[in-house]
Colleague: 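What follows is a structure written as structure tokens; I'll ask about it next.
These figures come from a predicted structure and were not determined experimentally.
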Amino acid sequence: MASARIHVSMQSKYDRVVLLVDMDCFFCQVEEKQHPEYRNRPLAVVQYNPWRGGGIIAVNYAARAKGVTRHMRGDEAKDLCPEIVLCQVPNIREKADTSKYRDAGKEVANVLQRFTKLLERASVDEAYLDITETVNHRMQQMQSGAFALQPQELVNTFAVGYPNIGDFVNKITNRFANPYMDDERFQMSYDQNDLPAVRQSDIRLLIGASVAGEVRAAVKKETGYECSAGIAHNKILAKLAAGMNKPNKQTILPLAETASFFDSLPVGKIKGLGGKFGEVVCETLGIKFMGQVVKFTEVELQRKFDEKNGTWLFNISRGIDMEAVTPRFYSKSIGCCKKFPGRNNITGLKTLQHWLGELSSEINDRLEKDFIENNRRAKQMVVQYVQDIDGEEVASSRSTALKDYDQESIVRFSLDLIKANTKTFLRPGSESALNNAIK
DNA sequence: CATGATGACGCT
DNA sequence: AGCGTCAT
């Protein structure tokens with residue numbers, strides 16, 4: 001067994017080249033493409049909500065320059081930037097319908113897909129691409145002289161730790177002339193088994209950046225949309241790099257720069273550490289920056305957190321992330337939801353039935369479209385609802401198998417599920433008043 | 001009153 | 001199966 005393992009091509013820490021492509025203020029770009037007269041103007045996308053001008057979910061860079069951000073209300077944006085264009089998410093069936101942006105995201109993904117089989121859509125406007133194969137191929141071509149990097153392709157490219165991309169390229173060129181100049185440091189810093197990959201890291205990431213440039217140019221040419229990209233050896237670092245220079249730029253995170261970069265990187269910037277767990281990590285360890293995690297042994301981290309998270313933190317703090325780019329073009333689930341905040345709480349049966357009808361109608365349309373496009377049918381339905389119980393938000397979810405379905409049966413299923421799982425669905429003595437408001 | 005609408009995934 | 005977390 002042990003000897004056979006040696007012959008298995010092992011996925012090593014620095015073997016892959018991974019891109020994270022992130023559309024710049026995507027919903028705004030969709031609106032700007034649809035309304036060319038809005039281009040070059042400050043613009044934000046709001047979800048319809050008559051309360052204080054709607055909630056902002058996307059802001060273009062002209063508007064960001066005026067201080068407009070997400071979380072803001074449309075009215076606040078107008079105060080900061082009176083000339084701002086506020087585009088509303090289309091309202092269909094009395095609720096925000098984001099289909100337009102999903103369709104635009106698919107259009108982009110169709111372009112990305114041509115560059116690798118290993119495309120993982122992470123959200124409507126983000127995707128990971130494992131481009132290892134292409135990079136390896138070009139490495140070989142480069143060594144045989146069949147391929148050469150075109151410096152002009154790297155005009156919008158940055159490398160973390162370098163004032164400009166030219167300095168990064170020069171460093172690589174110098175090492176080409178003097179291959180062993182870094183060896184002592186490398187041998188000190190890295191596992192012996194990783195040295196071959198480490199020595200080739202910079203050049204392979206640079207080739208990755210040229211691929212990224214081609215990807216982004218194709219997206220721009222074929223869809224009109226601009227995006228930013230991160231280039232690194234794994235998903236976590238690619239995601240991090242992509243956010244460093246925007247919009248319409250791409251950033252390499254060189255292996256040798258990771259440690260010093262992490263020394264001043266707040267823990268919460270790492271994907272997965274932006275919430276409560278990240279805060280627990282900081283408090284438990286008494287730290288603020290990612291680089292400070294490396295002072296703890298793997299066993300210490302496992303003891304303070306748990307086995308899985310401890311090992312994960314230990315590796316991530318060293319820039320190591322073995323998470324595969326899992327090919328996925330279509331979402332695993334289709335859902336829609338609507339909130340009823342404050343006075344809009346649903347308190348009557350009729351209103352509840354009405355909204356279940358609206359939501360079911362949207363779901364039904366999207367399921368039909370999905371069936372036509374992707375030849376698949378939903379097997380399960382999950383109904384989630386949030387009640388107001390003594391002023392507290394109490395969330396519940398119940399599921400049911402789905403055989404044949406249509407809009408009417410989806411409504412019936414969901415209402416039945418809510419009825420069956422609510423202690424007293426209707427207020428005692430009433431035919432129509434809900435016992436607990438649904439939020 | 002009040003980001004909201006989606007989606008993935010981990011824990012138990 | 002149901003709940004909670006994290007992300008855009």
Colleague: Of all the nucleotides listed (dC3(C), dT3(B), dA1(C)), which has the minimum atom distance to the side chain of Q380(A)?
Modeller: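 Nearest listed nucleotide: dA1(C).
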Colleague: Hey, does Y385(A) have a side-chain heavy atom less than 4.5 Å from the side chain of N421(A)?
Modeller: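 Sidechains of Y385(A) and N421(A): in contact.
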Colleague: Give the rounded distance in Å between these two atoms: NZ of K439(A) and P of dC1(B).
Modeller: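 Atom-to-atom, K439(A) to dC1(B), this comes out as 12 Å.
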Colleague: Which whole-number value in Å describes the distance from D75(A) CG to dT3(B) C1'?
Modeller: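 From D75(A) CG to dT3(B) C1': 14 Å.
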Colleague: Between C1' on dA2(B) and CG on N344(A), what's the gap in Å once rounded to a whole number?
Modeller: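 Atom-to-atom, N344(A) to dA2(B), this comes out as 9 Å.
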Colleague: Checking all strands, does K239(A) fall into the base, sugar-phosphate, or nothing category for heavy-atom contacts under 4.0 angstrom?
Modeller: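 Sugar-phosphate contact only.
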Colleague: Can you tell me the distance, in whole Å, between the CG atom of D125(A) and the P atom of dA7(C)?
Modeller: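 D125(A) atom CG is separated from dA7(C) atom P by 15 Å.
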Colleague: Could you tell me which residues satisfy side chain to side chain contact (heavy atoms under 4.5 Å, CB included) with E214(A), sequence neighbours excluded, listed by chain and number?
Modeller: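 So E214(A) forms a side chain to side chain contact (heavy atoms under 4.5 Å, CB included) with F115(A), R138(A), E153(A), S210(A).
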Colleague: Calculate the interatomic distance between F305(A) atom CZ and dC11(B) atom C1'; express it in whole Å.
Modeller: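 Taking CZ of F305(A) and C1' of dC11(B), I get 18 Å after rounding.
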Colleague: With rounding to whole Å, what would you report as the distance between dT8(C) and dA2(B) at their P atoms?
Modeller: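 dT8(C) and dA2(B) have their P atoms separated by 24 Å.
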Colleague: With respect to the phosphate group of dA2(B), does any side-chain polar atom (N or O) of R52(A) fall under 4.0 Å of OP1 or OP2?
Modeller: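 No, no such contact exists.
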Colleague: Reckon I56(A) touches a base, only the sugar-phosphate, or nothing at all at heavy-atom distances under 4.0 Å?
Modeller: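 Base: the residue I56(A), judged by heavy atoms under 4.0 Å, touches a nucleobase.
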Colleague: Could you point out which residue of L112(A), V111(A), N110(A), T116(A) forms a side chain to side chain contact (heavy atoms under 4.5 Å, CB included) with R114(A)?
Modeller: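 With R114(A) as partner, side chain to side chain contact (heavy atoms under 4.5 Å, CB included) holds for just one option, V111(A).
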Colleague: Across the strands shown, which category fits F277(A) at heavy-atom distances under 4.0 angstrom: base, sugar-phosphate, nothing?
Modeller: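 The answer is sugar-phosphate, as F277(A) gets under 4.0 Å only of primed atoms, P, OP1 or OP2.
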Colleague: Report the residues that fulfil side chain to side chain contact (heavy atoms under 4.5 Å, CB included) with T132(A), sequence neighbours left out, ordered by chain and then residue number.
Modeller: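 Only R16(A), D130(A), N136(A), R204(A) meet the side chain to side chain contact (heavy atoms under 4.5 Å, CB included) criterion with T132(A).
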Colleague: Could you tell me which residues satisfy side chain to side chain donor-acceptor pair (under 3.5 Å) with N309(A), sequence neighbours excluded, listed by chain and number?
Modeller: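 Checked N309(A) against side chain to side chain donor-acceptor pair (under 3.5 Å); matches are D306(A).
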Colleague: Under 30°, 30 to 60°, or over 60°: which ring-plane class applies to F27(A) and Y101(A), parallel, tilted or perpendicular?
Modeller: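 Plane angle under 30°, so parallel.
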Colleague: In dot-bracket form, 5' to 3', how is DNA chain B paired? Count Watson-Crick and G-U wobble pairs only if both distances fall under 3.5 Å, and write | where the partner sits on another strand.
Modeller: ....||||||||
Colleague: Round to a whole Å and report the spacing from CG of L240(A) to P of dA7(C).
Modeller: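 One finds 12 Å between P of dA7(C) and CG of L240(A), rounded.
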Colleague: Give Q384(A) one of three labels, base, sugar-phosphate or nothing, depending on what nucleic acid heavy atoms sit under 4.0 Å from its own.
Modeller: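 No contact at all - Q384(A) keeps every heavy atom at 4.0 Å or more from the nucleic acid.
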Colleague: Between L273(A) (CG) and dC9(B) (P), how many Å, whole number?
Modeller: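 So the two atoms are 18 Å apart, to the nearest Å.
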Colleague: Can you check the E323(A) CD to dA7(C) P distance for me, whole Å?
Modeller: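 Taking atom P of dA7(C) as the reference, CD of E323(A) is at 14 Å.
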Colleague: Nearest-nucleotide wise, let me know which of E393(A) and N309(A) is further upstream toward the 5' end of DNA chain B.
Modeller: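 This one resolves to E393(A).
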Colleague: Any N/O pairs under 3.5 Å between the protein and nucleotides 4-8 of chain B? List them or say none.
Modeller:
{"from": "dG4(B)", "atom 1": "OP2", "to": "K339(A)", "atom 2": "NZ", "distance (Å)": "3.4"}
{"from": "dG4(B)", "atom 1": "O4'", "to": "Q47(A)", "atom 2": "NE2", "distance (Å)": "2.8"}
{"from": "dG4(B)", "atom 1": "N3", "to": "Q47(A)", "atom 2": "NE2", "distance (Å)": "3.4"}
{"from": "dA5(B)", "atom 1": "OP2", "to": "K339(A)", "atom 2": "N", "distance (Å)": "2.8"}
{"from": "dA5(B)", "atom 1": "O4'", "to": "Q47(A)", "atom 2": "OE1", "distance (Å)": "3.2"}
{"from": "dT6(B)", "atom 1": "OP1", "to": "T98(A)", "atom 2": "OG1", "distance (Å)": "3.2"}
{"from": "dT6(B)", "atom 1": "OP2", "to": "K95(A)", "atom 2": "NZ", "distance (Å)": "2.7"}
{"from": "dT6(B)", "atom 1": "OP2", "to": "C337(A)", "atom 2": "N", "distance (Å)": "3.3"}
{"from": "dT6(B)", "atom 1": "O5'", "to": "G335(A)", "atom 2": "O", "distance (Å)": "3.3"}
{"from": "dG7(B)", "atom 1": "OP1", "to": "R366(A)", "atom 2": "NH2", "distance (Å)": "2.9"}
{"from": "dG7(B)", "atom 1": "OP2", "to": "G335(A)", "atom 2": "N", "distance (Å)": "2.6"}
{"from": "dG7(B)", "atom 1": "OP2", "to": "G335(A)", "atom 2": "O", "distance (Å)": "2.9"}
{"from": "dG7(B)", "atom 1": "OP2", "to": "R366(A)", "atom 2": "NH2", "distance (Å)": "3.2"}
{"from": "dA8(B)", "atom 1": "OP1", "to": "K332(A)", "atom 2": "N", "distance (Å)": "2.5"}
{"from": "dA8(B)", "atom 1": "OP2", "to": "S333(A)", "atom 2": "N", "distance (Å)": "3.2"}
{"from": "dA8(B)", "atom 1": "OP2", "to": "S333(A)", "atom 2": "OG", "distance (Å)": "2.6"}

Colleague: Compare every heavy atom of K271(A) with every heavy atom of I236(A), then report the nearest pair and how far apart it is.
Modeller: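 Nearest pair, atom of I236(A) first, then K271(A): CD1-O, 3.8 Å.
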Colleague: What are the two closest heavy atoms between A63(A) and V59(A), and how far apart are they?
Modeller: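 Minimum heavy-atom contact is CB-CG1, 3.5 Å.
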Colleague: With a 6.0 Å cut-off on the ring centroids, do W312(A) and F305(A) count as close?
Modeller: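 No, the ring of W312(A) stays outside the 6.0 Å limit from the ring of F305(A), centre to centre.
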Colleague: The criterion is salt bridge (Lys or Arg N to Asp or Glu O under 4.0 Å); which residues satisfy it with D202(A), sequence neighbours excluded?
Modeller: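 In terms of salt bridge (Lys or Arg N to Asp or Glu O under 4.0 Å), with neighbours along the sequence ignored, D202(A) is linked to R175(A).
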